[in-house]
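Quick note on labels: first sequence line is chain A, next is B, and so on, each numbered from 1.
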Amino acid sequence: GAGVSQTPSNKVTEKGKYVELRCDPISGHTALYWYRQSLGQGPEFLIYFQGTGAADDSGLPNDRFFAVRPEGSVSTLKIQRTERGDSAVYLCASSFRVAGYNEQFFGPGTRLTVL
Amino acid sequence: ILNVEQSPQSLHVQEGDSTNFTCSFPSSNFYALHWYRWETAKSPEALFVMTLNGDEKKKGRISATLNTKEGYSYLYIKGSQPEDSATYLCAFSSTDSWGKLQFGAGTQVVVTP
């Protein structure tokens, strides 16, 4: 079956612009997660959803970052007034349900470059 | 240990040799420890999810052990092959927030023929 997909695969934008990153989880997965990986570091947790609601958004760095999952499937990560420090690979993952022992299936990521 | 730490940061292995590397994690509020393999230009791929102290998991030539009391896990690759070249990530989840994985920076493995 289809895995987690993310679009676009690459996004180049200018400082101050608004960007949206999209994630399509595996069909039937109720939990969806966003991480970002900066150069030389491991993935850093941003937010996760159980269904339509954000269950834990403690990793969002500031109020320029926002994520939605209105119908409990596709999710969009929105970044306002982008800064050069936002440049990273943004990873999305999904799992059948939220539980620490559930395998999270990752997409290939969106590489965001802010000039 | 407050964060997840992996060592070494990178290692080079000759084809056919065996190798191992370490993940250290907080020993309190432990829920699960995940291992992922991430090849360049691909999605991270789950190798193991381990929950019990003393757990040992095996997948082909790759195996892992878990010690939750002292907060470490080892990943072993037996008879390394060039296709084992990847970054190996471990991730910790706690009882405070099940869904949130806290990743280490990874161990980059390069297997040369």
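A/L91 touches chain B through its side chain: at least one heavy atom from C-beta onward sits under 4.5 Å away, while N, CA, C and O do not. The contact between A/Q37 and chain B is made entirely by side chain atoms (from C-beta outward), counting heavy-atom distances below 4.5 Å. Proximity to chain B (any heavy atom under 4.5 Å) is restricted, for A/S58, to the side chain, taken from C-beta onward. Contact of B/Y36 with chain A is made through the side chain alone, with heavy-atom distances under 4.5 Å.
A donor-acceptor contact shorter than 3.5 Å is absent between the side chain of B/N29 and the backbone of B/T95. Checking side-chain atoms of A/T82 against main-chain N and O of A/K17 turns up a donor-acceptor pair under 3.5 Å.
Checked for salt-bridge contact, A/D86 and A/R84 miss the test: no charged N lies under 4.0 Å from a carboxylate O.
Aromatic ring centroids of A/Y33 and A/F49 lie 6.0 Å or more apart. Ring centroids of B/F25 and B/F30 are separated by less than 6.0 Å, placing the two rings close together.
By number of non-hydrogen pairs under 4.5 angstrom with chain A, the leading residue of B/G104, B/S94, B/P44, B/A46 is B/P44.
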